[in-house]
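Read through the structure below, which is laid out as structure tokens, and then see the notes.
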Amino acid sequence: MNKPGRNDLCHCGSGLKYKKCHMKEDQEVEKEHSLVQRAANFIRRDLLAFARDERFAEAFALSLPIYWNDYYDASNAEQMSQPEALRFFDWFVFDHYLEDGRRLIEIYAEEKMDDLSSHQQEIAANWVNAGASSLYELTAYEGQMLELRDYFTDEEFTVYEGGGRGNVELGELIITRLVPVTDRMELSTTAAYLPAAEITDVKQKIEAAKETYLAENPDASHTDFMRRHSHLLVHHALLEA
């Protein structure tokens, strides 16, 4: 067996001291990971509270029927289940454009950054640039690690989800947003899914909408399009359900 190099020793010597040094390093890495994870969970909660501010009440009311295809509106919003409310607020925060052309996540970062810890600032800054909500095919899984493929771009991701795959079977589709947390990707909030029987023509619907959008916005990216039209995934799910 090769002897550890100079950098491997961490100036701790060898033998027992060497092992203790690396145990300490592992503990420090784990501590840092825990701090970032807590920061991500805080930002999730704080974004939800921020989106409920009274100044966004009108935008909230106007956007409900857009997202839910008139299934929910201001008159029956309280009937949303908790998972439905979380998914709506996720779209409202990350994808929906307010009248001034900004997204709520951008306003949050501008106004709240100085009040956040360094770890929370890192999460908030990274999430401003998080991708739009999309459809992801479950291609493999092991415990809490899911292998997902973007249904429209074929880009592949390894994603951590504390609850594992839930009821989703291989080949079925998850409606969610992926966000970076330390060195891994996670789901931004509670996800929905399309069982095999309800996938039907969702790709054709999205491709038709994208063709129309790009004809009017030829310089737009796929992410630009999905931010403007990710609610169509929900419309499809409601129709199929």
Side-chain angles (χ1 to χ4, degrees), residues 7 10 21-53 55-56 59-60 82-83 85-98 100-136 141-150 153 155-164 174-191 221-228 230:
N7 292 332
C10 306
C21 176
H22 282 268
M23 287 176 62
K24 183 177 180 180
E25 284 184 347
D26 291 343
Q27 290 171 352
E28 290 175 349
V29 169
E30 184 61 31
K31 180 181 179 181
E32 178 68 13
H33 186 275
S34 178
L35 288 172
V36 175
Q37 189 65 61
R38 289 205 296 269
N41 291 336
F42 171 85
I43 295 298
R44 286 183 171 100
R45 295 190 301 269
D46 206 39
L47 280 170
L48 182 60
F50 188 76
R52 287 172 167 168
D53 189 277
R55 61 178 159 151
F56 303 121
F60 169 86
Q82 183 178 24
L86 289 173
R87 291 195 297 272
F88 166 77
F89 273 108
D90 181 78
W91 171 82
F92 185 57
V93 166
F94 286 93
D95 287 347
H96 183 61
Y97 286 87
L98 303 175
D100 64 2
R102 294 185 298 170
R103 294 176 296 129
L104 198 144
I105 181 66
E106 296 168 344
I107 300 173
Y108 176 87
E110 291 171 7
E111 297 184 2
K112 299 275 287 184
M113 197 64 80
D114 290 343
D115 299 327
L116 303 176
S117 71
S118 59
H119 291 95
Q120 293 163 359
Q121 288 177 347
E122 180 182 359
I123 293 293
N126 288 339
W127 287 10
V128 168
N129 298 315
S133 179
S134 190
L135 272 180
Y136 296 91
Y141 61 89
E142 183 174 351
Q144 297 171 313
M145 303 305 298
L146 311 181
E147 298 296 329
L148 302 181
R149 179 189 297 124
D150 189 299
T153 69
E155 189 174 1
E156 297 182 338
F157 302 89
T158 299
V159 180
Y160 172 83
E161 166 52 32
I174 301 171
I175 305 175
T176 191
R177 180 188 325 282
L178 304 183
V179 292
V181 179
T182 60
D183 57 349
R184 70 189 185 194
M185 301 298 287
E186 297 185 4
L187 310 186
S188 60
T189 190
T190 304
S221 66
H222 177 73
T223 298
D224 294 332
F225 162 72
M226 289 304 297
R227 287 206 197 287
R228 298 286 185 176
S230 60

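Owing to the predicted nature of the structure, the values given are computational and were not obtained by experimental measurement.
Separation of atoms CD (Glu142) and OG1 (Thr158) is listed at 11.0 Å; rounding is to 0.5 Å. Within the model, atoms CG of Asn126 and CD of Gln121 stand 11.5 Å from one another, a figure rounded to the nearest 0.5 Å. Between Leu47 atom CG and Phe89 atom CZ the span is 11.5 Å, to the nearest 0.5 Å. Asp90 CG to Thr176 OG1: the interatomic distance, rounded to the nearest 0.5 Å, is 7.0 Å. Taking OG1 of Thr153 as the start and NE2 of His222 as the end, the distance is 5.5 Å to the nearest 0.5 Å. Between atom CZ of residue Arg177 and atom CE of residue Met226 there is a gap of 9.5 Å, rounded to the nearest 0.5 Å.
Nearest heavy atom pair, residue Val93 against residue Arg103, reads O-CB, 4.1 Å. When every heavy atom of His119 is checked against every heavy atom of Val36, the shortest pair comes out as CD2-CG2, 3.4 Å. Counting all heavy atoms, side chain and backbone alike, Tyr108 lies closest to Ala124 at CE2-CB, 4.3 Å. Here the shortest heavy-atom pairing between Ser230 and Trp91 reads OG-CD1, 3.4 Å. Taking every heavy atom of both residues into account, Gly162 and Gln144 meet most closely at O-NE2, 2.9 Å.
Between Tyr141 and Glu161 there is no side-chain heavy-atom pair separated by less than 4.5 Å. Side-chain contact between Ile43 and Leu116 is present, with heavy atoms from C-beta onward closer than 4.5 Å. When side chains are defined from C-beta on, Leu187 counts as touching Leu178, because their heavy atoms get closer than 4.5 Å. Counting heavy atoms from C-beta outward, Met145 and Tyr160 have side chains that approach closer than 4.5 Å.
Looking at Asp224, its side chain does come within 3.5 Å of a backbone N or O of Ser221 through a donor-acceptor pair. Looking only at distances, a side-chain donor or acceptor of Arg44 sits under 3.5 Å from a matching main-chain atom of Ser188. The backbone N or O of Pro180 sits less than 3.5 Å from a side-chain atom of Trp127, completing a donor-acceptor pair. In this structure a side-chain-to-backbone donor-acceptor pair under 3.5 Å is missing from Arg149 to Glu156.
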Test log, rule side-chain contact (heavy atoms from CB on, under 4.5 Å), inputs Leu104 and His96: CA-CA 8 Å; Leu104 198 144; His96 183 61; over 6 Å; no
Worked check of side-chain contact (heavy atoms from CB on, under 4.5 Å) between Ile107 and Leu98: CA-CA 10 Å; Ile107 300 173; Leu98 303 175; 3.5 Å; yes
Residues Leu146, Tyr136; criterion side-chain contact (heavy atoms from CB on, under 4.5 Å); working and verdict: CA-CA 11 Å; Leu146 311 181; Tyr136 296 91; over 6 Å; no
CA sep, side-chain torsions, deciding dist, call: Phe60, Phe88, ring-ring contact (aromatic ring centres under 6.0 Å, His included): CA-CA 10 Å; Phe60 169 86; Phe88 166 77; 5.4 Å; yes
Pair Ile123-Phe42, side-chain contact (heavy atoms from CB on, under 4.5 Å): steps then yes or no: CA-CA 10 Å; Ile123 293 293; Phe42 171 85; over 6 Å; no
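Between the side chains of Ser133 and Asp95, not a single donor N or O lies within less than 3.5 Å of an accepting N or O. In this structure, a donor-acceptor pair under 3.5 Å is absent between the side chains of Arg38 and Asn41.
Open room surrounds CD on Gln82; 12 or fewer heavy atoms of other groups in view lie less than 6.0 Å from it.
Ionic pairing of Arg55 and Glu111 is present here: one or more N-O contacts between side-chain nitrogen and carboxylate oxygen are shorter than 4.0 angstrom.
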